[in-house]
Amino acid sequence: MSYDPADIETRWRERWRQEGYYEADPDEDGDATFITVPYPYPSGGMHVGHARTYTVPDVYARYRRLQGDNVLFPIAWHVTGTPIIGAVERLKKGEEEQLSVLRDTYNVPEETLQDLETPMGFARYFIEEHYKKGMRQLGLSVDWRREFTTNDERYSKFITWQYRTLKERGLLEKGLHPVKYCTNEDNPVTTHDLLEGEEAEFQEYTLVRFEGEDGAILPMATLRPETVRGVTNAYVDPDGDYVRATVDGERWVVSRQAVQKLELQDHEIGGDSELSGADLVGERVTNPITGDEVLVLPASFVDTDNATGVVMSVPAHSPDDYIALQEAKERADEMAEYGIDPEAVRAIESVPILTVEGYGEVPARDAVEEYDVSSQEDPALEEATQELYNREFHQGRLLEAYGEYAGETVEDVRERFRDDYRERGAFGAMQEFTEDVVCRCGGAVEVAKQETWFLRYNDEDWMAKTKRLVGDLDTIPENTREQYTHTVDWLNEWPCIRNYGLGTRLPWDEDFVIEPLSDSTVYMAYYTIAHRLDEIPPGEMDRAFFDTLFYGTDAAEAPDERALELREEWDHWYPVDYRVSANDLISNHLTFYLYHHAELFDEANWPEGITIMGMGLLEGRKMSSSKGHVVLPGEAIDEYGADTVRFFLLNSAEPWQDYDWRDEAVSSAHGQLRRFYNRATEVIEQGSPGDPGVRAAEPREHDAPDEPDLRPIDEWLLSKLQGVIREATEALEGFETRTASQAAFYAMEEHLRWYRRRADLDREGARWTLRHVLSRRLRLLAPFTPFLANELHERLAGESAEDAGWPAVDESREDPTVEVRESLVESLTDDINDIVDVTGTDPDVVRVYTAADWKRSVFEQVVETGPDVGAVMSEVMSDPDLRERGDEVNDLVQELVEFVREQEDDRLAILEGTEEADVYADAVGFYEREFDADVRVLDETGAEDPGDRAGDAVPFRPAIHIE
RNA sequence: GCGGGGGUGGCCGAGUCCGGACAAAGGCGGCGGACUUAAGAUCCGCUCCAGUAGUGGUUCGAGGGUUCGAAUCCCUUCCCCCGCACCA
């Protein structure tokens, strides 16, 4: 019967489902092990990249189960927020791209599309038809009783408890925060809603409050507030539209566009009157820091749609400003039309505010000259600016006039300086994007400030707790620990609510919804009880209920009995042993997870480990559902079977490494599994009179009565098996799925290949050995290819691999001597092969000469003395017989010293006790088959030496002659 | 810029922590052979250069150093990838 994955896999899926095999309850035997993975977000279908995300924890879960643990691996569905709503809206609008993703990429049937026109209908479709189906097909060992969605009423009660608790502990705070806001739809928007500017970042400009002659404020926008003492003049766009308006009760002059932005950013805007930029030109404005008056000059490079449309000029430090001023001076006479005295323009001098190594008094001039910038349009200008800004930021030291800031680098004092003058009222602030942002509706998107609730991730106590948690966390791989620590240091306040979307309403303000990264931080606790909440009315799941559940009897005045019962479930499973998640989530989601656990639960229930996963590529390119560049798990499974898909995903790279799904490679993995299956079937069908190691969770003793006579080559294979078991076990302890499966599958296959070649398989001992090895190997493979492994193990031994358990290393079967001896056989094979190959002859007779006794005693001397030519020589030369041999001995010592130096001590000790000739003599039969020749093992000193080769023999490196 | 990861043979990818059997596992691809009517599957060998004897030469981004010995340790340098906030 040939390998038919669909047949095997269907049967096992059905069996697991019927038996509820992976349903885990506290009353079962074994250590409680709780493994979680981020619940999928069904805003689209599942592709093979997702498949790996869920298979990695599954492998670990299966491994722990084989080790005897009671393992809980649950799953649920994350629907919070706007992505699903956005997807539904794009569908309803009939957007081509969206329709194509649904129809072509995810194969949604035409008649089903209308079911997807509500958010939960959409989610439900992908949950049922993609994720759940896919996960079942993959054979994930999930306890399906516990699934839920984050839009469920009871889940919301749990999140409500979480947020009320955090608020009560002062970890939530209300404040203003910049958001992306569509000026056309008058609504905040998310990155998904954007047509252009998805990459745009928020940038905060400092507004330096220059004062006009009439007392109105001209707020000059700058990213370099510390240059304020170097301002020589201001620029406006003479053709731009400006307005005089009341801002927070003051009179301001800004560009037309700036007014709207300021209004969005929480400023009170009053009646305005229009004027043109030209009207402003020539005005004198006063620097709020220095009190100096400077001229407003016209400049076409000023963009009225960026910040305030009024900019200050610092020619000493800005190459742009330096060039602009040069050009202004050249055109000074034209300025007269604005009523400016040309002499006043020509009189403007750069004012340096800092010194920076490598530049003179006016760094901008040096930069312009160095890059040979000719005009404002010269592309070299940007390079010059970049270079100078960088140097000044890191190395520029402020001059005396800066008082307490003098002598400091810009990098060190910019923020302090800015905040200082902001408090004193000289500076303001304004947010702007780094590039234009356009909504899908076509409207301009601007920065708006919105009242919102924050999680205070920068709270000192909270940070300290979380850092303590990180310190004790098992971070896999270890080098991710630094990333968590860094994130804790770097996280500020996090706005945790949105204006709309699915999920849980903010308990004390129903207008807002708790956003997805904030409602998924402690839900692992909910898994422990999710399957037992049906009989509890949501209305009764209040603060006291959850307090009792998580904090015990004393937490509420009248503890709810039901909550106390559920508490046992929670107590049993918590803490989470491992969470398996993607590496790009360290900087937010995973660190939030740590924060919330650190706060809400006591130390004993803090997360114990996190394993990070890498990204997936498809044929070397990033997967993308919108481009249809994805492989669906169902399709891959139909073609190759779930075992192949799993095996490939786990074997091609360690979980945290990026991997590449290449059809060719998957197909090859499938071939490997098929060959494995065929060979295993042969072993099974061949049968064996002896016990194949059925109830073999306990290692069998060497002298077990039913164990047939074993030859050294059998012992060799069994010894190798122990090494493989050890390696696979250690690897899986650290989530190294690649190392583990490589060992269990490929390394073991290598050993078997040699064994099949080397051993006479037509013996009872060989059949027993092969069955014994197969049983162990199937159990090592069970986490990776559970269908195949369980099926074959059941046929071999009458019980499934998962029931048989993980094999233990049987130290009594580890035999270094037998391994060393076999390695001699192997290297002699290689040597003969090399000679055959290089001479191109097909030998009829192969003569193998082992080294003479005196050479052997030189070897022993080298081992005893150590690899030191001089020392060995003096020892050796004291022996008259050896001294007689002169140069011959010298050469041999050289060679043996080198050999010995490179060997492990253990191996040397074994070699010393090895009678080389016996090893080769035992293998003569093998050599004769191998080379189809008459093979003779001889002593160097024997007579038969037609090729005059015998003298070349060295201990453990016999001379060879072929003819 | 900040934080993290990485550069190995035609390709993918181990090895690097703890230097030594490393011309460097394994896979893919290629070549030759066995089996076969043939193809496929399977098995064996070869696949940096030279070679009718197991050898020698030159390799692990680049340059330098430590060592009897370096892909592995140290220094310098070049290049690539990922994340960086309200987006899940």
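Keep in mind that the numbers below use all heavy atoms, side chains included, and drop hydrogens, waters and symmetry copies.
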Identify which nucleotide among [options] has an atom closest to any side-chain atom of [X], counting heavy atoms from C-beta outward.
X: A:Arg662; options: B:rA21, B:rC12, B:rC87; result: B:rC12
X: A:Gln672; options: B:rG4, B:rG27, B:rG20; result: B:rG27
X: A:Ile835; options: B:rG54, B:rG27, B:rA88; result: B:rG54
X: A:Arg738; options: B:rG20, B:rA85, B:rA14; result: B:rA14
X: A:Thr839; options: B:rC28, B:rA21, B:rA53; result: B:rA53
X: A:Tyr746; options: B:rG26, B:rG45, B:rG3; result: B:rG26
X: A:Leu517; options: B:rG26, B:rC87, B:rA53; result: B:rC87
X: A:Glu904; options: B:rA21, B:rG54, B:rC28; result: B:rA21
X: A:Gln742; options: B:rA25, B:rG20, B:rC43; result: B:rA25
X: A:Leu585; options: B:rG54, B:rA88, B:rC84; result: B:rA88

In whole angstrom, give me the gap between the [atom1] atoms of [N] and [M].
N: B:rC17; M: B:rU58; atom1: C1'; result: 29 Å
N: B:rC48; M: B:rG20; atom1: C1'; result: 23 Å
N: B:rU16; M: B:rG5; atom1: C1'; result: 15 Å
N: B:rG4; M: B:rG10; atom1: P; result: 33 Å
N: B:rC81; M: B:rG13; atom1: P; result: 15 Å
N: B:rG83; M: B:rG61; atom1: C1'; result: 25 Å
N: B:rU67; M: B:rC28; atom1: P; result: 44 Å
N: B:rU42; M: B:rU52; atom1: C1'; result: 32 Å

Whole-Å distance between [N] [atom2] and [X] [atom1]?
X: A:Arg675; N: B:rG26; atom1: CZ; atom2: C1'; result: 13 Å
X: A:Glu736; N: B:rA14; atom1: CD; atom2: C1'; result: 12 Å
X: A:Glu749; N: B:rC43; atom1: CD; atom2: P; result: 8 Å
X: A:Leu828; N: B:rA21; atom1: CG; atom2: C1'; result: 16 Å
X: A:Leu908; N: B:rA21; atom1: CG; atom2: C1'; result: 11 Å
X: A:Tyr755; N: B:rC44; atom1: OH; atom2: C1'; result: 20 Å
X: A:Trp754; N: B:rA25; atom1: CH2; atom2: P; result: 17 Å
X: A:Trp661; N: B:rC12; atom1: CH2; atom2: C1'; result: 16 Å

When both hydrogen-bonding distances must be under 3.5 Å and the geometry is Watson-Crick or G-U wobble, what is [N] paired with, if anything?
N: B:rA88; answer: none
N: B:rU67; answer: none
N: B:rG83; answer: B:rC2
N: B:rU42; answer: B:rA34

Determine the contact category for [X]: base if any of its heavy atoms lies under 4.0 Å from a base atom, sugar-phosphate if only primed atoms, P, OP1 or OP2 are that close, otherwise nothing.
X: A:Arg679; answer: sugar-phosphate
X: A:Arg753; answer: sugar-phosphate
X: A:Pro495; answer: base
X: A:Ala959; answer: base
X: A:Gln483; answer: sugar-phosphate
X: A:Pro958; answer: base
X: A:Asp830; answer: nothing
X: A:Ile962; answer: base

Mind checking whether [X] and [Y] have side chains closer than 4.5 Å, heavy atoms only?
X: A:Asn651; Y: A:Gln742; value: yes
X: A:Pro40; Y: A:Tyr54; value: yes
X: A:Thr150; Y: A:Tyr39; value: yes

Once the angle between the rings of A:Phe122 and A:Phe126 is folded into 0 to 90°, is it parallel (under 30°), tilted (30 to 60°) or perpendicular (over 60°)?
-> tilted
Determine the interplanar angle of the A:His78 and A:Tyr41 rings, folded into 0 to 90°, and report it as parallel if under 30°, tilted if 30 to 60°, perpendicular if over 60°.
-> perpendicular
Taking the six-membered ring for Trp and the single ring otherwise, decide whether the centroids of A:Phe592 and A:Trp494 are under 6.0 Å apart.
-> yes
Short side-chain N/O contact to B:rG13 OP1/OP2 from A:Gln657, under 4.0 Å = no
More 5' along RNA chain B: A:Leu491 or A:Ile960, using each one's nearest nucleotide?
-> A:Ile960
Residue whose closest nucleotide on RNA chain B lies nearer the 5' end, A:Arg757 versus A:His961 = A:Arg757
What about A:Arg674, does its side chain sit under 3.5 Å from the base of B:rA41 through a donor-acceptor pair?
-> no
Looking at B:rG54, does its base get a donor-acceptor pair with the side chain of A:Asp831 below 3.5 Å?
-> yes
Exactly one of A:Phe784, A:Phe648, A:Phe676 clears ring pair (Phe, Tyr, Trp, His ring centres under 6.0 Å) with A:Phe745, and that residue is A:Phe676
Cationic tip of A:Arg957 within the cone over A:Phe899's six-membered ring, i.e. under 6.0 Å and within 45° of the normal?
-> no
CG/A:Asp905: more than 12 non-hydrogen atoms of other groups inside 6.0 Å = no
